[in-house]
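Chain naming here is simple, since letters A, B, ... match the order of the sequence lines and numbering starts at 1 in each.
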Amino acid sequence: MPKNYSCFPEIYDLVQEIPAGEVASYGMVASLITGATARIVGYAMAATPSGKDIPWQRVINAAGKISDRDGAARHRKYLEQEGIIFSKSGAVSWATCRWQGPSEKWLDAHKIDFMDFLEIQANWPGKPK
DNA sequence: CTTCTGACGAAAT
DNA sequence: CATTTCGCCAGAA
């Protein structure tokens, strides 16, 4: 497994914008960060520094499932404690708990035009009507 | 340079 | 739904 990517700090910064009770996919996070891909975000979560208040558990895969290896059960438990509901097949409902995106403050700080953001957001999973 | 390997994703079956 | 296939991309060996 790789070690350090230059975009990790930015990824962590964005993940901290996700509130309890909501979840995002690796791809969603990557879509807002230049140079990042869903895979890179996955690596970042695996290397999340402990004790820095980074809600890594709120980032799951595009299928709405936990794609963890060993700590899958623990991962799911954390989310359930935050109010996330899992279906019988083990997936969350994007329509009800999907993160809607970062604050405008974050977008501004990272120089992302709001209209561009809306375009990106429109392609996120489980498009809420 | 080549090959392998992922906390991934989308499309096809 | 679940599985398979292929695309993806930066490190490690």
Minimum-distance nucleotide (side-chain atoms of [X] versus [options]):
X: A:Ala38; options: B:dA7, C:dC9, B:dC8; answer: B:dC8
X: A:Ser89; options: C:dC1, B:dG9, B:dA7; answer: C:dC1
X: A:Ala62; options: B:dG9, B:dA7, C:dC9; answer: B:dG9
X: A:His75; options: B:dA7, C:dA10, B:dA10; answer: B:dA7

Rounded distance (Å) that lies between atom [atom2] of [N] and atom [atom1] of [X]:
X: A:Ile54; N: B:dA7; atom1: CD1; atom2: C1'; value: 15 Å
X: A:Leu79; N: B:dA7; atom1: CG; atom2: P; value: 18 Å
X: A:Arg74; N: B:dA7; atom1: CZ; atom2: C1'; value: 11 Å
X: A:Tyr43; N: C:dG11; atom1: OH; atom2: C1'; value: 8 Å
X: A:Trp94; N: B:dA10; atom1: CH2; atom2: P; value: 10 Å
X: A:Arg39; N: C:dA12; atom1: CZ; atom2: P; value: 16 Å
X: A:Ile40; N: C:dA12; atom1: CD1; atom2: P; value: 12 Å
X: A:Tyr26; N: B:dG6; atom1: OH; atom2: P; value: 15 Å

>> Measuring from atom CG of A:Asn123 to atom OG of A:Ser31, what distance do you get when rounded to the nearest 0.5 angstrom?
In response: 8.5 Å
>> Would you compute the distance between atom NZ of A:Lys111 and atom OG1 of A:Thr34 and round it to the nearest 0.5 angstrom?
In response: 11.5 Å
> Can you say whether the rings of A:Phe117 and A:Phe114 are parallel (under 30°), tilted (30 to 60°) or perpendicular (over 60°)?
Replying inline: tilted
> Should the pair A:Tyr78 and A:Trp56 be assigned to parallel (<30°), tilted (30 to 60°) or perpendicular (>60°) ring geometry?
Replying inline: perpendicular
> Reckon A:Ser67 has a side-chain N or O less than 4.0 Å from the OP1 or OP2 of B:dC8?
Replying inline: yes
> Which part of the nucleic acid, if any, lies within contact of A:Lys65, taking any heavy atom under 4.0 Å across all strands shown: a base, the sugar-phosphate backbone alone, or nothing?
Replying inline: sugar-phosphate
> Expressed as a whole number of Å, how far does the C1' atom of B:dA7 sit from that of C:dA13?
Replying inline: 23 Å
> Is A:His75 close to A:Ile60 at the side-chain level, that is, under 4.5 Å between some pair of heavy atoms?
Replying inline: yes
